Protein chains: 2
Amino acid sequence: MLKYSTAYFYTMIKVAVVEDLDDYRNGLVNLINWTDGYECTGAYATAEEAIKELPALKPDVALIDISLPGKSGIELVEYIHQNISSILCMMCTAYDEDEKVFKALQAGAYGYLLKTTSPADIMNAVQQLVNGGAPMSSDVARKVIASFQSPKKNNETENLTAREKQVLELLSKGLLYKEIAFQLSISIDTVKRHCFNIYEKLHVSNRTEAINKYHQH
Amino acid sequence: MLKYSTAYFYTMIKVAVVEDLDDYRNGLVNLINWTDGYECTGAYATAEEAIKELPALKPDVALIDISLPGKSGIELVEYIHQNISSILCMMCTAYDEDEKVFKALQAGAYGYLLKTTSPADIMNAVQQLVNGGAPMSSDVARKVIASFQSPKKNNETENLTAREKQVLELLSKGLLYKEIAFQLSISIDTVKRHCFNIYEKLHVSNRTEAINKYHQH
DNA sequence: TTTACAATAGCACTTTTGTGGTAGAAACCC
DNA sequence: GGGTTTCTACCACAAAAGTGCTATTGTAAA
């Protein structure tokens, strides 16, 4: 490797692999090391092993099997996303695991590969990931979008007057009546009145329920 | 059209176009009508015109320019998503409008086209949309995923015991102390105690603030 | 010009919350 | 075994929230 320039070495993209099937894991490791500009800095059969070493190695990318024995790939992604967020996670999955893929993305992955993907396409996907993309199939993308779209607004909150919405907004920040009164330069009793009206309009009976309706969830 | 079989007619995918540039709009209309299996059921220069006719026509797909004069394409998507949710919206956009595209997706679109896209690829994208996909570029997909991923959990909430988390969960639903007590089969005073401890650990002083910390925001 | 509604405010009262103290039983860790 | 933490529970009190009245003002709609 050092035969080539050291400058080249420094731009190497470091990839780790977490996969329980020995053959597939070794295949990935070889593929990565054989590809110009990439090096495999770690290969693990379980999430537990990976968690021990990844924090020190900090690879750029981690290829993670979605269904690892023991601690699952999804749990591993969650751990990495929460604790070593510089690592970009890509899931490796068999067919028909849409639900799992979705959960993995939610947990912190940015893409996934089918295990049937060709070596060239695997490295394309990794490259895409590093370049700020999110390699995934179109139907998974649709699911992701659907879940991120703002939920349909409840008509009920639209019945609120501007002032009531303002009060509700402050209410949702956890302010007391007297604090809201101070902020809006009105009396506590008026704030109470607004809240009372808000609760009636939203058909709820306390601030928490009102806030929940307001935030839709 | 009816020259061909009527069965064929019934499976036609209906596409509407909302685009202010006459040439581009007409180009899309022709492209759609020339493509087997598709028909254009409406072409509008503004969102306002579209809103008048779309509820009755209910096309399968709407191609919408993202920056329409007057009511924007994003507002139109929002309207459609809220009111005629059977229509799949795809945005048409020039370059460098990532932010707008992102907002359009959030408002209810499921994909987007660059205006430089070739006729064949446009119809591919429409097909993808109808088949449950979400045609978009990889970097927009990444943005979408990033915003949908569960935010990093606050360390503070991790200090809570299992029971405290359970209480906080119920608290966040708007339940009263006595309701929580009933659900957990413990006394009201114990619930109060748990809440008191929760507030201390989270450094807050009422349920709303605790819930806000819990939900991270 | 009525009518309707929004915003304001006060008062009285009940219920719910939040704070403080104490304390026993069970589980877990050195 | 001894120490620590967690869950449980009771009491008392202060603070805040919620409910039910009434009432004035300004503004917008019919």
Side-chain angles (χ1 to χ4, degrees), chain A residues 48 51-52 70-71 75 79 82 153-217, chain B residues 48 51 153-217:
Chain A
E48 288 80 358
I51 287 179
K52 274 186 209 154
K71 206 180 183 85
E75 289 171 281
Y79 172 82
Q82 302 288 332
K153 277 188 190 149
N154 197 323
N155 294 334
E156 290 181 304
T157 50
E158 284 168 19
N159 292 331
L160 300 181
T161 68
R163 196 57 154 176
E164 284 163 355
K165 284 179 190 166
Q166 202 176 6
V167 171
L168 186 47
E169 177 63 32
L170 295 172
L171 210 58
S172 77
K173 290 183 182 165
L175 273 68
L176 303 179
Y177 283 157
K178 61 177 166 190
E179 292 170 327
I180 296 173
F182 179 76
Q183 278 223 8
L184 299 180
S185 303
I186 55 180
S187 84
I188 288 191
D189 287 306
T190 303
V191 176
K192 283 187 181 183
R193 172 97 342 240
H194 284 310
C195 290
F196 186 73
N197 292 334
I198 290 167
Y199 300 161
E200 278 205 321
K201 287 188 183 176
L202 301 186
H203 308 111
V204 297
S205 53
N206 64 52
R207 57 212 287 138
T208 306
E209 288 179 335
I211 293 164
N212 285 343
K213 276 233 163 154
Y214 182 55
H215 286 144
Q216 241 64 73
H217 208 31
Chain B
E48 288 80 356
I51 286 178
K153 279 192 185 141
N154 195 321
N155 294 334
E156 289 182 305
T157 51
E158 283 169 20
N159 292 331
L160 300 181
T161 67
R163 196 58 154 176
E164 284 163 355
K165 284 180 191 166
Q166 202 176 7
V167 170
L168 185 48
E169 177 63 35
L170 295 172
L171 209 58
S172 77
K173 291 183 180 162
L175 290 142
L176 303 178
Y177 284 158
K178 61 177 167 190
E179 293 171 326
I180 296 173
F182 179 75
Q183 279 224 7
L184 299 181
S185 304
I186 55 179
S187 84
I188 289 190
D189 287 306
T190 303
V191 176
K192 282 188 182 182
R193 173 94 342 229
H194 284 311
C195 289
F196 185 72
N197 292 333
I198 289 168
Y199 300 160
E200 277 205 322
K201 288 188 184 175
L202 301 186
H203 308 111
V204 298
S205 53
N206 64 53
R207 55 212 289 138
T208 306
E209 289 179 333
I211 293 164
N212 285 343
K213 276 235 164 151
Y214 182 56
H215 287 144
Q216 240 62 71
H217 207 32

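Every value quoted in this text rests on a predicted model; they were computed, and no experiment measured them. All values below were derived from every heavy atom in this structure, side-chain atoms included, with hydrogens, water molecules and symmetry-related copies excluded. Residue numbering restarts at 1 for every chain, and letters A, B, ... go by the order of the sequence lines.
- N206(A) comes within contact range of the sugar-phosphate backbone alone, with a heavy-atom separation under 4.0 Å but no base atom that close.
- In the set dT17(C), dG20(D), dA16(D), dT17(C) carries the atom at the smallest distance from any side-chain atom of L176(B).
- For the pair R207(A) and dT17(C), the criterion of a side-chain N or O lying under 4.0 Å from OP1 or OP2 is not met.
- Here dG18(C) presents its P atom at 13 Å from CD1 of I188(B), a figure rounded to the nearest Å.
- T161(B) comes within contact range of the sugar-phosphate backbone alone, with a heavy-atom separation under 4.0 Å but no base atom that close.
- In this entry the distance linking NE2 of H194(A) with C1' of dA17(D) reads 16 Å, nearest Å.
- As a whole-Å value, the separation of Q166(B) CD from dC7(D) P is 9 Å.
- Closest to the side chain of Y199(A), from the set dG18(C), dG18(D), dA7(C), is dG18(D).
- Using a 4.5 Å heavy-atom cutoff, the side chains of K192(B) and I188(B) are in contact.
- Summarising the geometry, the separation between NZ on K192(A) and P on dT22(D) is reported as 18 Å, rounded to the nearest angstrom.
- Here the C1' atom of nucleotide dG18(C) and the CD atom of E209(B) are 12 Å apart, to the nearest Å.
- As judged by a 4.0 angstrom heavy-atom cut-off over every strand, S187(A) is placed among residues touching the sugar-phosphate backbone only.
- Among the heavy atoms of the strands lying under 4.0 Å from R193(B) is at least one base atom, whether or not backbone atoms are also near.
- Two residues are said to be in side-chain contact when any heavy atoms from C-beta on lie closer than 4.5 Å; L170(A) and E179(A) fail this criterion.
- Comparing L175(A) and I186(B) along DNA chain D, the residue whose closest nucleotide (by nearest heavy atom) sits nearer the 5' end is I186(B).
- Distance CD (E179(B)) to C1' (dT15(C)): 13 Å, rounded to an integer number of Å.
- Distances from the side chain of D189(A) to the nucleotides dA16(D), dT19(D), dC11(C) place dC11(C) closest.
- Across dA9(D), dT8(C), dA7(C), the shortest atom-to-atom separation from the side chain of T190(B) is found for dA9(D).
- Between the side chains of E169(A) and Y214(A), at least one donor N or O lies within less than 3.5 Å of an accepting N or O.
- The interatomic distance linking I198(B) (CD1) with dG18(C) (C1') rounds to 13 Å, in whole Å.
- Taking atom CG of N197(A) as the reference point, atom C1' of dG20(D) lies 12 Å away to the nearest angstrom.
- At dG18(C), one or more side-chain N or O atoms of Y177(B) fall inside 4.0 Å of OP1 or OP2 (strictly under the cut-off).
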